[in-house]
Amino acid sequence: MAGTLPRLTSCARARTWFRSRLRLPYRVRDYDTGDRTGTMTSQEIRQQFIEFFREREHEIVPSSPVVPHDDPTLMFANAGMNQFKPYFLGTETAKRPRAADTQKCIRAGGKHNDLDDVGRDTYHHTFFEMLGNWSFGDYFKKEAIRWAWELLTEKWGIEKDRLHATYFEGDASEGLDPDTEARDLWLEILPPERVHPGNKKDNFWEMGDTGPCGPCSELHVDLTPDKSGASLVNGDDARVIELWNLVFIQFNRAADGRLSPLPAKHVDTGMGFERLCAILNGKKSNYDTDVFAPLFAAIQKRCSAPDYTGTLPSDSTDPSAPQVMVDVAYRVIADHVRCLTFALTDGAIPSNEGRGYVLRRILRRAVRYGRQYFGMQEPFLCDLVPAIIEQMGDSFPELTKRPDHVIELIRDEEASFGKTLTRGIQLFNDAADTAVKQHDGLISGADAFKLHDTYGFPIDLTQLMAEERDLHIDIGEYERLMEEARRQARSGTKLNPEFQHLQLKSGVAFPILETDDAPKHEGLTCAGSILGWLKDGEVISTPALGKDDTAGLILSQTSFYAEQGGQVGDVGTIKTESGVFAVESTIRVYDMLLHVGRVQSGLIKNDQPASCLVAPVRSHTMQNHTSTHVLNWALREVLGENVQQKGSLVDPEKTRFDFSHNKPVAADELRRIESLVNEQVTADHQVHTQEVDQKQALEINTLRAVFGEKYPDVVRVVSIGADIDEMLADPKNEKWMQYSVEFCGGTHLQKTAEAEDFVLIAEEAVAKGVRRLVGISGPAAKEARSKGESLLAECPSQEDVNLAERLSALQTELESAVIPITKRLEIRDLLGEVQKTIKAQSKQAATAAAGDVMTRAQELLDSAQFVGDTKIIVGEVPQANTDALRGAVDWFRQKTESSAVLLACHDGEKVTLLAGMSKDLIAKGTKAGDLIREIAPIVGGKGGGRPDMAQGGGSKPEAIGAAIEGATAWLVERIGG
RNA sequence: GGGGGCGUAGCUCAGUUGGGAGAGCGUCGCGUUCGCAAUGCGAAGGUCGAGAGUUCGAGUCUCUUCGCCUCCA
């Protein structure tokens, strides 16, 4: 599959090239009939947008990944401005004042989750492109408005009298005046009846609760036949739709809610690409454009589906008519597979949490539609990926890099959902049967909830399946269970209650007390002074903190490391002349370092000099952190360049490193990785750190940056063994490849030998395609080694006695022991062999014993007395066990017409009794269980069982004789009498 | 991070107050058949994920742990 791609994409490239030479004229004609044969391809539209702004001195930037690795507040890129956020926030300055691009966006998580709308109308998408142009403190409203107008009307020929503009009408409660500047600019172009004021909701844009914001101005297109849609602007009507949003960022909202003018004013615009393509080609639906046409063709071919006719549930008298649902399925599948292809290409993976979970839900929705309306039982979404790559690979070259990987991920996910679906359908059928028989066609809320909770069946699917069988669901009960589950999940995530008040109150102003934490790299102590503390959600400095008060203490200077980059926050103590504060963890909020903990003794007052004492365990953290870097390097050496860091955690006990690798790391690979790390430790390399310009640092060939992570312009480089200046002077020299170089702000050893030793103690999967290694260093590593050796020495050899007991003891110990993973694997193999021996031995013993038991059984049968027609077989069988006695009872049953049996054996103090009764006796009311209950107390125990076979036991072997006599007497009386 | 579910033969799964580990498919052997398909009879195949506990007795109950699935945050 991959082999054919380059050829296909180059075809597409040639086509674009050819078209661009032709300079075909485009004119938009009639929106009403839609009979215009579209002449502008989406490729061309995208290209012309880019060119238009390139000609106006905009830097054309590539789309940022749709999966942001550097912004934890954002699940997916959802607007063009995401990658420029630092410029608006003022944390970075733009290198060029103007930019334009097309940004890949996904909207599917979030609060207003409109996933269920996608496919049911003409314009909702989970994945879409956003065209945008930006000014960072450069041009403002005038140019933005004029260019938007020029591009739409002059270049693309949209009829001028179909365009409406909106501007911000002002808001008294915020003290904001109307945006007359924008209004007047529009009035120069448009007649007053097509320039509309808009309220704060529609025409004032904010990034978040705080930060840059400003009025916006939107261009709307009137698609009504007679251009009468003026009253429908901002009316949420499909006939008059928003096309281009121009945001003028000119205010900053502070934490107290007040707005202040920004010194630098910015422009941020966004125009939905798919919608634009539809409008320029006179199509009513985004799905009727060539953005989707090739994909629809691929779907039809792969699914042998009926033709796509473009009907919608909303304009049909029967919203669930077969053809309508077929058309919905086309749109759902096309949209979702686009979304998945882009998200997986950018490094996301379907999983059971976070954004991975959103993707899983999207995939499942598509699979369900495919199953239900196209009858697809096998994975099929994966087969649609090449069509997308062929179509979009030119504009988004990243798609062509690892298509196989994306296809495989989708196929696996589809296959595993297929299994869940089959299981769920079974459960549904059971639930439906119960509903029909017992509840008058009402499926219980509990069943619906279980389908959702355990099998991942969304409620709408369950409802659909119910409707097919003319059943209903107890929705009220379902909702109640759902809410309960939500509540439970929430209550589980609360912070340590002691520190809950340390959450900053939102919307309340607070001073930012900046902390200088440079000393963290110098040592474990430093002197600073108290600036204040965070308590009850507020940053304050009075009154003093008394004994046992909990707070987040803020110092002017500190040697504590705040949790960042995988390294945990430090613990320790802070002393002043009047008190001692125990620090339990350290976190960063903005530029404040919060020393979270409690006052141990005395008082802590503001402005006091304070000395920081970081707990000595930090040195173990440093050993582990430096080892982590070497490990990262060793992984590349052993497993190859494909190893990408996926996350890490470094604390005093261990280092936990997650990386992309799609199969378990083999035992010999583990050994090599471990010994490579130790070679570097023994070599006692100097650990170099230096602040370097990011671009320059990226030149270094061996540098390992986290894929997709966004770094500041000046980064701290940590090199193990190689001088950083030398590397910068000759960044491409092959010899650097033998050293570890990373961007890192963490605390490190000065020389690698200080790590002492390194041992891998675990290897496991965390997600599909992601493995996790856990390593330890220092004294803990040495201890693990010797523990491993001693456990290995304890392994029994085949000849040893009491194999079974020793094995069980060793397994228990092995489970909790911290030993090298390589040693663990070795021991596991060894014990596996031992296990086989044990099995063979016990089988042999069983067959031998069976022979003895049969001899004894024959004796008992021969000496048995008759009571009427029934044989009374009672006696002791030495050297037997429960299974052997059962075998004997079965044998007697075959040998005799009618029999009552009681056998006994003992192993040390433990007595086992077994009783059997033939059917005729049971019919007469003599049951094996009764016999056992009667006899077991004689040997000091009890028992029971079924009428034909019962079992009991006790602890008095010396009473077996008495028990047998008792049994004989009981049987003779019952049967004889 | 929290909740729920599952783990039994090579595969798909049953297993009801705790009381002899099962079915179907597959495998192997033997029949019917010239042979195949089909079919009849028979057999092999299990540390019931692992470890502890309760019990006279645990696939079943309790706890711990591993793996997978799933929902919520």
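Naming convention: chains lettered A, B, ... in sequence-line order (proteins, then strands); numbering from 1 in each chain.
Ala884(A) and Val853(A) make their closest contact through CB-CG2, 3.8 Å (heavy atoms, listed as atom of the first residue, atom of the second, distance). Across all their heavy atoms, Cys382(A) and Ile410(A) have their closest contact at N-CG2, 3.6 Å. Of all the heavy atoms in Ala936(A) and Gly953(A), the pair that sits closest is CB-O, 4.2 Å.
Both distances falling under 3.5 Å, in either a Watson-Crick or a G-U wobble arrangement, place U27(B) opposite A43(B). Base pairing of A50(B) is made with U64(B), judged by Watson-Crick or G-U wobble geometry with both donor-acceptor distances under 3.5 Å. As the counterpart of G59(B), no nucleotide is assigned, since no Watson-Crick or G-U wobble pattern has both distances under 3.5 Å. Pair check for U32(B) finds A38(B); Watson-Crick or G-U wobble, both atom distances under 3.5 Å.
When the C1' atom of C56(B) is taken as reference, atom CG of Asp930(A) falls 17 Å away, rounded to whole Å. Whole-Å rounding puts the Glu414(A) CD to C69(B) C1' distance at 18 Å. Distance, Glu934(A) CD to C56(B) P: 18 Å, rounded to whole Å. Between Lys956(A) atom NZ and C56(B) atom C1' the separation is 14 Å, expressed in whole Å. Residue Leu902(A) contributes atom CG, which lies 13 Å from atom C1' of C56(B) at whole-angstrom precision. Taking atom CG of residue Asp907(A) and atom P of nucleotide G57(B), one finds them 12 Å apart after rounding to whole Å. Rounded to whole Å, atom P of C69(B) lies 18 Å from atom CZ of Arg361(A). Between Phe449(A) atom CZ and G3(B) atom P the separation is 14 Å, expressed in whole Å.
Taking atom P in both U32(B) and C13(B), one finds a spacing of 38 Å when rounded to whole Å. Taking the C1' atom of each, G53(B) and U27(B) are spaced 40 Å apart, rounded to whole Å. The P atoms of A9(B) and G45(B) are separated by 14 Å, rounded to the nearest whole Å. Here, U62(B) and A58(B) have their P atoms 16 Å apart, quoted to the whole Å. Here, G67(B) and C30(B) have their P atoms 46 Å apart, quoted to the whole Å. When the P atom is used for both C28(B) and C36(B), the distance is 13 Å, rounded to whole Å. Atom C1' of U12(B) sits at a distance of 26 Å from the matching atom of C71(B), rounded to the whole Å. Rounded to whole Å, the separation between the P atoms of G59(B) and G19(B) comes to 10 Å.
Side-chain atoms of Glu414(A) come within 3.5 Å of backbone N or O of Leu381(A) as a donor-acceptor pair. The backbone N or O of Lys787(A) sits less than 3.5 Å from a side-chain atom of Ser790(A), completing a donor-acceptor pair. No side-chain donor-acceptor contact under 3.5 Å links Arg656(A) to the backbone of Gly775(A).
Legend: residues meeting side chain to side chain contact (heavy atoms under 4.5 Å, CB included) with Ala864(A), ordered by chain and number and at least two apart, are Lys871(A), Ile873(A). Shown here are the side chain to side chain contact (heavy atoms under 4.5 Å, CB included) partners of Val571(A), two or more places apart in sequence or in another chain: Ala615(A), Val617(A). With sequence neighbours excluded, the residues that form a side chain to side chain contact (heavy atoms under 4.5 Å, CB included) with Gln858(A) are Leu861(A), Asp862(A), Trp891(A).
A heavy atom closer than 4.0 Å to some atom of RNA chain B occurs in no member of residues 911-927 of chain A.
Using modelled atom types and a 3.5 Å distance limit, the side chains of Ser898(A) and Asp920(A) yield a donor-acceptor pair.
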Output a table of nitrogen or oxygen pairs between the protein and nucleotides 5-9 of chain B separated by less than 3.5 Å.
none

For nucleotides 17-19 of chain B, give me every protein contact, N/O to N/O, under 3.5 Å, one pair per line with atom names.
| residue | atom | partner | partner atom | Å |
| --- | --- | --- | --- | --- |
| G19(B) | O6 | Gly944(A) | N | 3.3 |
| G19(B) | N1 | Gly944(A) | N | 3.2 |
| G19(B) | N1 | Gly944(A) | O | 3.2 |
| G19(B) | N2 | Gln951(A) | O | 3.0 |
| G19(B) | N3 | Gly944(A) | O | 3.3 |

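Between the NE2 atom in His336(A) and the CG atom in Leu359(A) there is a gap of 11.0 Å [rounded to 0.5 Å].
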Gln463(A)/Ile475(A) under side-chain contact (heavy atoms from CB on, under 4.5 Å): CA gap, chis, key distance, verdict: CA-CA 9 Å; Gln463(A) 268 172 322; Ile475(A) 285 289; 3.4 Å; yes
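Ion pairing between a basic and an acidic side chain is recognised when a charged N comes within 4.0 Å of a carboxylate O; Asp948(A) and Arg893(A) show such pairing.
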